[in-house]
Amino acid sequence: MIGHTDEERAKMLAEIGVSSFEELIQNVPESIRLPRISGFSSLTEQEICSYLTELENLNRKASDSICFLGAGAYDHYIPAVVDEICSRSEFVTAYTPYQAEASQGILQALFEFQTVVCELLGMEVANASLYDGASSLAEAVLLAARHTHRKKILISSTVHPLWREVVRTYLIGSGVELTEIPANEGVVDKNRIQELLTDSYAAVALQSPNFFGCLEDWSEVSSIVHNAGALFIAITNPLASGILKSPGDWGADIAVCEGQPLGIPLSFGGPYLGILAVKQELMRQIPGRIVGMTKDVNGKRAFTLTLQTREQHIRRARATSNICMSQTLMALSALVYLCAVGKKGIHEVGMMNIERSHTARDRICAVDGWKAMFSQPFFNEFVVRCPGDPLKLAEYLSTRGIIGGLPLASYYSEPEYKNGVLFCATEKNTAANIDKLVSTLRECT
Amino acid sequence: MSKQDISLIFEDSRPGRRALRFQEVDNKWLGEIPAGLRRGHPPELPEVTELEIARHFTRLSQRNFNIDANFYPLGSCTMKYNPKVLERAARKKEFISLHPLTVPSVVQGCLRIYAETEECLKQICGMDAFSLQPAAGAQGELTGVKICRAYFESRGENRKKIIIPDTAHGTNPASAALTGYQVIEAKSDKHGILNPERLKQVMDKDVALIMITNPNTLGLFEEHILEISRIAHEAGALVYMDGANMNALLGIARPGDMGVDMLHLNLHKTFGSPHGSGGPGSGPLGVKNFLKDYLPVPVVTKKGDDYVFDWGLKHSIGRVHSFYGNFLVILRAFVWLKMVGSDGLRQISEAAIVNANYLKAKVRELLEVPYDSQCMHEFVASAVSLKQFGVRTLDIAKRLLDFGIHPPTIYFPLIVHEALMIEPTESESPETLDEFVSCLRQIISEAHNSPEVLTGSPHNMPVGRVDETYAARNPVLRWTSKS
């Protein structure tokens, strides 16, 4: 890992004009200079690989399991071409494309990414990625507060509970407050939006498919929200874009997604992909990197990072966000995935998700004691009432090679959710997988 | 690099072309979705074959400078070589196929990686606890500022200001402002470091935090750090360290011994994980014991023989990530740390410091180095002397591209005119450093004799100098069939 030998180092020190290395660190106060740190010995490459195998074995039960778990992270098939392209070291080992002429490849890819994001979400301007869905929602909320000069946000309690926690953390010290809109039958209570909304609110944030998997009907939402002078933040699952109305179709001003379903592995929670897209008039309020198409001195098409006066390295304390590095490689994965899937495939993969999840739901509900909690339409996730203890269920399934059955009670304290269990089925859950899940549920109930 | 035009993938699209196919599904299932919720027109995704995808993106990849192909002395970015075994580890099914909400008993491998990485970082930094949740340095920093806010609120204090030196990264003031703090800039002295006397002038009981980068962005160790911490602590303020430049300190000095109460690290800089053209990164936040209960939840702890998630921190500020942070980046850093070992850490930083000082000794014969004391892992030169020839730092940067070298960070820090911030890292050989110097020498001679070669550069890139002003004035941020 070190580029010079001890002999070379001695020569270099001589050329620097010092007799020992210690002379180079004389500005470090003597009292804090370390003799050495000890504690973990150095392993060779071969040794670290053996150690990793040990750790992999500790995960093997889970990695060999079938997955019926969603809740913000989804097990989808990832085409080989995505891995092959995105593991190219030309993309992996480059820095943020500050020098446009030496980074046309990734800049063009990010411009293409922004384009497919706008297409999926029906929006006009997208940035080149944020950290994850949760922080993208937090950025959207801050954007709305900045744009409207208002300090209150209405957010549906059907929005992912962990995302709402992240938003709350981001709002510490900002003076912006969240108010939750209650749910009714698994979807946001639209009547309550109208009741709660006043002209002191900056935005209304809704999610569909929501945390329970339910699809929400947002007819009239945009006019209610806009009449109050607020912005409509719509959270969606980008993989459902071939089937479901887009945030743009619903009249949203800001669209937010977790991009992980688009060709990014589960990876125990990260790295994922934050997606944020807006209407044209919010372009200069958007956080993060944006790539623009321009020309070079000879008039040839070229790409560059642009609108940088929004950003922290120029604007410092007055920037639209503190974000610097984001998730470029994940944006590339999503782009390659969407190219591989294509215009027809995005509909087909959506159809497979609908077929598998509805089959799974119907089969589970045919087991004694199990029934659906909500009657709302859904895409690939659904809540069922479990006849036993949901916490024990997840543990039991994990011993039987199944990851799934998220207890709602871990996220919602209301008694009505006590026996609720969230399942997900994607194109990866074959009929045989579903058989196995159903027979295992029979065993334990 | 080839100058051949590469079309946009949308321009290659032809109706009916396919790459991936899915199993067919009976259309009756669409009936499960009410018509009012269905999309009218499909999104206009490209219709291309897999060959077209492979060729398009392979060609795009070849239009990027990157560590594996190019020297990349980008200051404060620590563009070191990323050993391939890290990538191999991060592709293992036993890591990438795991759902984050899996019951912890069957993903003990992941939890152990979290726990052991945290342990290594604690020893390296002299801190008492770490959260590995922040997804990048800037998010780690934001987490730290939120903790600062929560800490003072819990003590019933409403301090309103954060002191930040003028050499700081822009993320520092941005994180402070996002948390409702007023930013007070502290000017560095003529030696390029923070002077305790000047600090005393701006320090008062309304200051919550001082955020320092050490070594600072001039590559200089803040030699009054102990005095600075003492002044802050006496006023009741906390000390935050931006650990972006931690590559200079491994095994040499620990922030925890400098009076630092909180710091973030950039695993993608110091700890071997690659930058991915702009992410993913990871920005763990380390704190002293008295702030431990404020960290984001969950944290990983050991219970008997098992590792578990602990959600019970008394004052936790909450989460900053959907799940537990960028696990695959943390995994790479874990592999890197285990390979280097605690004894090898110091050699890494020593080599980075030797390389930087060696390069500085050569560069100062060619360009002014305004703060010319012994540097740590990086230094800042100025091209102000070339202005007389109509040549700016930007021209040097673009001309370096023609030699296959990625330019240093330019025009930063802001206190140096026509700045070039140069960080060679420990990975590079003396020959590479010498090669950089000889290119720079040629460029400076061109500045004297034929400045138009510089102002017209780059000449060997796929495109000539890119018009950034035009991009900002006429924003075209997505492709349309008309563009």
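Throughout, protein chains are lettered first and strands after them, A, B, ... in sequence-line order, and every chain is numbered starting at 1.
Ion pairing between A/Arg9 and B/Glu350 holds under the 4.0 Å rule for side-chain N and carboxylate O. In this structure, A/Glu15 pairs ionically with B/Lys362, as a charged nitrogen and a carboxylate oxygen lie closer than 4.0 Å. Using a 4.0 Å cut-off between charged nitrogen and carboxylate oxygen, A/Glu112 and B/Arg478 do not count as a salt-bridge pair. Using a 4.0 Å cut-off between charged side-chain N and carboxylate O, A/Glu101 and B/Arg465 make no salt bridge. For A/Lys300 and B/Asp5, the salt-bridge test passes: some basic side-chain N is under 4.0 Å from an acidic carboxylate O. A salt bridge does not link B/Lys338 to A/Glu45: none of the charged side-chain nitrogens sits closer than 4.0 Å to a carboxylate oxygen.
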Test A/Leu142 against B/Leu178 for side chain to side chain contact (heavy atoms under 4.5 Å, CB included), laying out the working first.
CA-CA 9 Å; A/Leu142 291 168; B/Leu178 276 172; 4.1 Å; yes
Go through it in stages, so that I can follow the logic: the residues are A/Thr306 and B/Leu477, the test is side chain to side chain contact (heavy atoms under 4.5 Å, CB included), and I'd like the CA-CA distance, side-chain angles, deciding distance and then a yes or no.
CA-CA 9 Å; A/Thr306 195; B/Leu477 309 179; 3.7 Å; yes
Between B/Gln139 and A/Tyr170, does a side chain to side chain donor-acceptor pair (under 3.5 Å) hold up when you go through it step by step?
CA-CA 10 Å; B/Gln139 203 183 30; A/Tyr170 265 70; 2.9 Å; yes
Yes or no on side chain to side chain contact (heavy atoms under 4.5 Å, CB included) for B/Leu45 and A/Val116, after CA distance, side-chain angles and deciding distance?
CA-CA 7 Å; B/Leu45 296 178; A/Val116 291; 3.9 Å; yes
Criterion side chain to side chain contact (heavy atoms under 4.5 Å, CB included) on A/Leu244 and B/Arg38, from CA distance to verdict
CA-CA 4 Å; A/Leu244 301 179; B/Arg38 278 186 237 151; 5.7 Å; no
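At distances below 3.5 Å, not a single donor-acceptor pair connects side-chain atoms of A/Thr93 with backbone N or O atoms of B/Asn66.
Between A/His347 atom NE2 and B/Phe22 atom CZ the span is 12.0 Å, to the nearest 0.5 Å. Residue A/Asn59 holds its CG atom at 7.5 Å from CD of B/Glu94, rounded to the nearest 0.5 Å. The distance from atom SG of A/Cys339 to atom CG of B/Leu20, rounded to the nearest 0.5 Å, is 12.0 Å. Distance CZ/B/Arg39 to CD1/A/Ile243: 10.5 Å, rounded to 0.5 Å. In this structure, the separation between CD1 on A/Ile32 and CD1 on B/Ile225 is 7.5 Å, given to the nearest 0.5 Å.
Contact of A/Asp249 with chain B is made through the side chain alone, with heavy-atom distances under 4.5 Å. Using a 4.5 Å cut-off between heavy atoms, A/Ser219 makes no contact with chain B at all. Residue contact with chain A, scored on non-hydrogen atoms closer than 4.5 Å, involves the backbone and the side chain of B/Asp467 alike. Of the two parts of B/Lys80, neither the backbone nor the side chain holds a non-hydrogen atom closer than 4.5 Å to a non-hydrogen atom of chain A. Of the two parts of B/Leu220, neither the backbone nor the side chain holds a non-hydrogen atom closer than 4.5 Å to a non-hydrogen atom of chain A. Both the backbone and the side chain of B/Pro462 have a heavy atom closer than 4.5 Å to some heavy atom of chain A. Interface remark: B/Glu87 contributes side-chain atoms only to the contact with chain A (heavy atom separation under 4.5 Å). Interface residue B/Pro475: only side-chain heavy atoms are found under 4.5 Å from chain A.
A/Ala302 and B/Val463 get closest at one heavy-atom pair: CB-CG1, 4.2 Å. Scanning both residues, B/Pro430 and A/His4, for their nearest heavy atoms gives CD-CB, 4.0 Å.
For the options B/Val48, B/Val183, B/Ile33, B/Asp26, heavy-atom pairs under 4.5 Å to chain A are most numerous at B/Ile33. Most heavy-atom pairs under 4.5 Å with chain A, from the set B/Leu401, B/Asn82, B/Ile9: that is B/Ile9. If you tally non-hydrogen atom pairs under 4.5 Å between each of A/Val349, A/Asn322, A/Leu58 and chain B, the highest count goes to A/Asn322.
Remark: the B/Ser322 side chain and the A/Asp132 side chain contain an N/O donor-acceptor pair separated by less than 3.5 Å.
Using a 30° and 60° split on the angle between ring planes, A/Phe268 and B/Tyr324 fall in the tilted class, from 30° to 60°. Taking the six-membered ring where the residue is Trp, A/His358 and B/Trp29 present tilted rings, their angle falling between 30° and 60°. Using a 30° and 60° split on the angle between ring planes, B/His275 and A/Tyr95 fall in the tilted class, from 30° to 60°.
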